Structure formats: structure tokens, C-alpha cells
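Have a look at the structure below, then the notes.
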Amino acid sequence: MDGRGNGRTSGQEGRGTALVTGASSGIGAAYAERLAADGWDTVLVARRADRLEDLAARLRAETGTEAEPLVADLASPDGLARVTARVARGDVGFLLNNAGINGYGPFAELEPALMAKVLHVNVLAVTALTRAAVPVMLEHGRGTVVNVASQLAFAGALPPRPLPERAVYGGSKGYVVTFTRTLAAELGGTPLRVQVLCPGLTATEFHLSRGEAPVPGREQAVHEEGGMPVGEVVDASLRDLEKGTVVCVPGVEGASPVVTLEAAELAIRSASRGTLA
């Protein structure tokens with residue numbers, strides 16, 4: 001045991017605290033499990049109290065780390081304020097902005113309340129929580145921020161069927177990609193690690209709800225479309241963090257597609273100035 005008597009095996013040192021949003025299922029739950037196994041205490045954020053309590057109890061029992069459930073709806077001002085305050089407390093060294101909802105459906109028929117919820121969770125919460133974390137991390141001289149986007153951020157012009165009708169969701173995830181890449185460039189001379197994780201179809205329950213309410217029940221479900229196992233998504237993210245790769249696209253070997261994208265962006269900016277140099 002370490003000095004806190006928390007049951008950690010000898011040689012396993014506490015790394016600090018990781019805050020994970022969307023921790024009640026899918027990528028968030030799997031990432032929290034991996035971080036706890038690696039010695040991180042965790043703050044687990046989601047709407048489903050029963051699932052958070054179950055996960056927290058399991059992490060404590062299996063890893064000897066501390067696990068703090070924080071029930072909050074990031075679409076509500078009160079929920080976001082409480083989680084932002086927890087991030088700003090000063091002990092969070094790893095922030096995983098994983099919470100997200102899809103709001104899939106024809107844009108002309110999208111309910112205004114659901115549209116606002118998508119933007120609050122996918123855009124505002126990611127931005128606010130990152131803003132709360134970065135100054136403290138800079139002060140401490142270390143820290144990691146991983147923002148979960150989607151491969152659909154790169155699928156704007158592709159038609160639906162088989163892709164979902166996704167104008168607001170795709171736009172929100174495009175924001176996460178641009179925001180995170182730009183922030184990573186801004187923080188390039190600091191010790192902080194910043195990544196945007198862009199999974200494709202993943203074997204989770206994400207497609208079982210549009211986001212108005214969470215999927216019911218204590219047990220995690222998986223949609224019928226299949227997809228990459230969540231463990232492989234987490235593996236890819238952690239490998240790319242070690243390599244310093246900002247844009248992580250699980251399943252894509254090497255950085256060549258991202259390099260091609262960056263070259264195209266440079267060409268567009270250069271052409272707008274009247275030169276391709």
C-alpha cells in the first residue's frame with residue numbers, strides 16, 4: 001500500500017486526478033478504467049447516477065484508486081458550472097472531454113431544444129472545461145487534455161445513407177477538431193499534451209439515443225451496427241499521446257491523411273493571399 005493506504009500494489013504511484021465526462025458508458029467508461037488501472041484517481045461525470053456509482057465502486061475495488069462520481073447534465077448551466085468548478089479546483093491533471101450527444105435527424109425537423117443540447121454538450125462544455133483546466137495545468141507544468149470528436153467531423157459533404165443525417169452533430173465535432181488543433185499549436189512550447197480523438201463507428205450505445213435522455217438501465221448496451229471495440233479506441237489515443245500526435249484517428253495507420261489535410265489547408269490559405277508558396 002502507498003501512504004494513503006488505498007491498496008495500490010507496490011511500485012504503482014499515484015499520478016494525480018483525471019476527470020472523465022461521459023463516463024457512464026462506452027469510450028468514457030473504458031478510458032476511466034484504463035486511467036485508474038494506470039494509477040489515476042478519477043472524477044466520473046455523467047447523468048446516470050447508478051452507473052457512476054457502479055463504476056466508481058468497481059474502480060476502487062480493482063485498482064485501489066479514488067473514484068468520485070459527479071452526477072451532472074452538461075447541457076444545463078448548473079451542471080456545467082459544477083463540473084467546471086471541479087476542474088478548476090486544481091488537482092485535475094488529465095481531462096477527457098468525452099461526453100457527447102448526436103441529435104441525428106433532418107435539420108429542418110430538428111427540435112430546437114435538442115439542437116441547443118447538442119451544442120451545449122458538444123461545443124460549450126468542451127470549451128469551458130478545457131478553459132478551466134489549462135491555466136491550472138500550465139501553473140503546475142504538466143497536464144493532458146483529450147477532446148473526443150468523431151470521424152464525422154471530416155464527412156461534411158458526404159450524403160446520408162449510410163451516414164446519418166448529422167448537420168449539427170458534424171458541425172459540432174468539426175469545431176472540436178479545429179479548436180483542439182489550434183489550441184495544441186498555441187500550447188506547443190509548453191509541457192501540456194493536447195489531443196483530439198476522432199473515432200469512427202464504435203461498439204457503444206451511442207446510437208441508441210439521440211440525446212434527449214440517456215439510455216436506461218444499469219448495464220451498458222451496444223448498438224447493432226457493430227464498430228471498433230472501445231478498448232482499441234483507447235489504445236490508439238494513449239499510443240498517440242505518447243508520440244505527441246495531436247489528431248488521433250483510430251484505425252488509420254500513420255499520419256499521412258492528416259499530413260495531406262494540413263497541406264491542403266496551407267494551400268487554401270496561401271492561395272487566398274495570391275501565392276502558393
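When a residue number appears, it is its place in the shown sequence, counting from 1. What you see is a predicted model, and the numbers here were worked out from it, not measured in a lab.
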Exercise. With rounding to the nearest 0.5 Å, note down the distance linking CD in Glu33 to CD in Glu62.
Key: 7.5 Å
Self-check item: Atom of Ala32, atom of Thr42 and distance for their closest heavy-atom approach
Solution: O-CG2, 4.1 Å
Practice problem: For Ser25 and Arg48, test the side chains for any donor-to-acceptor distance below 3.5 angstrom and give the result as yes or no. | Solution: yes
Quiz item: How many angstroms lie between CD1 in Ile101 and CG in Asn122, if you round to the nearest 0.5 Å?
Solution: 6.0 Å
Quiz item: When you look at Arg51 and Asp54, which way does the salt bridge (Lys or Arg N to Asp or Glu O under 4.0 Å) test go after all the steps?
Solution: CA-CA 5 Å; Arg51 290 202 187 186; Asp54 291 347; over 6 Å; no
Exercise. Return yes if some donor-acceptor pair links the side-chain N/O of Thr65 with the main-chain N/O of Arg60 below 3.5 Å, else return no.
Key: no
Self-check item: Qualifying residue, where the test is side-chain contact (heavy atoms from CB on, under 4.5 Å) with Val20 and the options are Leu70, Asn97, Ile27, Leu35
Solution: Leu35
Exercise. Kindly give the heavy-atom pair with the smallest separation between Gly103 and Leu114, and that separation in Å.
Key: CA-CD2, 3.8 Å
Quiz item: Got a donor-acceptor contact below 3.5 angstrom from the Ser270 side chain to the Ala267 backbone?
Solution: no
Quiz prompt | Side-chain donor or acceptor of Asn147 paired with backbone N/O of Val176 under 3.5 Å | solution = no
Quiz item: Quick one: do Val126 and Val92 end up in the same hydrophobic cluster if we chain Ile, Leu, Val, Met, Phe, Trp and Tyr together by side-chain heavy atoms under 4.5 Å apart?
Solution: yes
Quiz item: When you measure from the side chain of Arg34 to the backbone N and O of Leu238, does any donor-acceptor pair fall under 3.5 Å?
Solution: no
Practice problem: Could you walk me through whether Arg82 and Asp73 pass salt bridge (Lys or Arg N to Asp or Glu O under 4.0 Å), step by step? | Solution: CA-CA 10 Å; Arg82 287 190 293 111; Asp73 183 352; over 6 Å; no
Quiz item: Are any of the side-chain heavy atoms of Arg86 and Val43 separated by less than 4.5 Å?
Solution: yes
Quiz prompt | Heavy-atom check, side chain of Val145 versus side chain of Leu129, under 4.5 Å | solution = no
Practice problem: Could you note down all residue pairs passing ring-ring contact (aromatic ring centres under 6.0 Å, His included) where residues 69-103 supplies at least one of them, sequence neighbours left out? | Solution: Tyr31-Phe94, Trp40-Phe94
Quiz item: With side chains defined as the heavy atoms from C-beta onward, is the minimum distance between Leu192 and Val134 less than 4.5 Å?
Solution: yes
Exercise. Would you mind reporting whether Pro164 and Asn102 have side-chain heavy atoms less than 4.5 Å apart?
Key: no
Quiz prompt | Single-linkage hydrophobic cluster, 4.5 Å side-chain cutoff, Val123 and Phe179 together | solution = yes
Practice problem: Any chance you could measure Leu261, atom CG, to Ser256, atom OG, to the nearest 0.5 Å? | Solution: 11.5 Å
Exercise. Compare every heavy atom of Ala75 with every heavy atom of Lys117, then report the nearest pair and how far apart it is.
Key: CG-CB, 3.5 Å
Practice problem: Taking all heavy atoms of Leu52 and all of Ala46, pick out the closest pair and write down the distance. | Solution: CD1-N, 3.5 Å
Quiz item: Do Lys173 side-chain atoms and Val148 backbone N/O form a donor-acceptor pair below 3.5 Å?
Solution: yes
Quiz item: Closest approach of Val118 and Val168, non-hydrogen atoms and distance?
Solution: CG1-CG1, 3.9 Å
Quiz item: Is Arg239 salt-bridged to Glu232, going by a charged N under 4.0 Å from an acidic O?
Solution: no
Quiz item: With distance as the sole test, does Thr245 use its side chain to make a donor-acceptor pair with the main-chain N or O of Cys248 at under 3.5 Å?
Solution: no
Quiz item: Side-chain contact, heavy-atom cut-off 4.5 Å: Glu265 with Ile268?
Solution: no
Quiz item: Can any side-chain N or O of Glu165 pair as donor or acceptor with the backbone N or O of Pro160 at less than 3.5 Å?
Solution: no
Quiz prompt | Point-to-point distance, once rounded to the nearest 0.5 Å, from CD of Gln151 to CG of Leu201 | solution = 9.5 Å
Exercise. Find out if a path of hydrophobic residues (ILVMFWY) with successive side-chain heavy-atom gaps under 4.5 Å connects Leu138 to Val136.
Key: no
Quiz item: Which atom names give the shortest non-hydrogen contact between Val233 and Pro199, and what distance separates them?
Solution: CG1-CB, 4.1 Å
Quiz item: What distance do Met137 atom CE and Arg193 atom CZ have between them, rounded to the nearest 0.5 Å?
Solution: 10.0 Å
Practice problem: Output, in order, the C-alpha distance, side-chain angles, deciding distance and verdict of side chain to side chain contact (heavy atoms under 4.5 Å, CB included) for Val83 and Leu19. | Solution: CA-CA 9 Å; Val83 180; Leu19 186 140; 4.2 Å; yes
Quiz item: Does any non-hydrogen side-chain atom of Tyr169 lie less than 4.5 Å from one of Ser150?
Solution: yes
Quiz item: Roughly how far apart are Lys243 NZ and Leu241 CG, rounded to 0.5 Å?
Solution: 10.5 Å
Quiz item: Taking the side chain as C-beta and beyond, is there a heavy-atom pair between Met228 and Pro250 under 4.5 Å?
Solution: yes
Quiz item: Do you reckon Val247 sits in the same ILVMFWY cluster as Leu95, going by side-chain contacts under 4.5 Å, direct or chained?
Solution: yes
Quiz item: Does Val121 share a hydrophobic cluster with Leu44, counting links as ILVMFWY side-chain heavy atoms below 4.5 Å and allowing steps through other members?
Solution: no
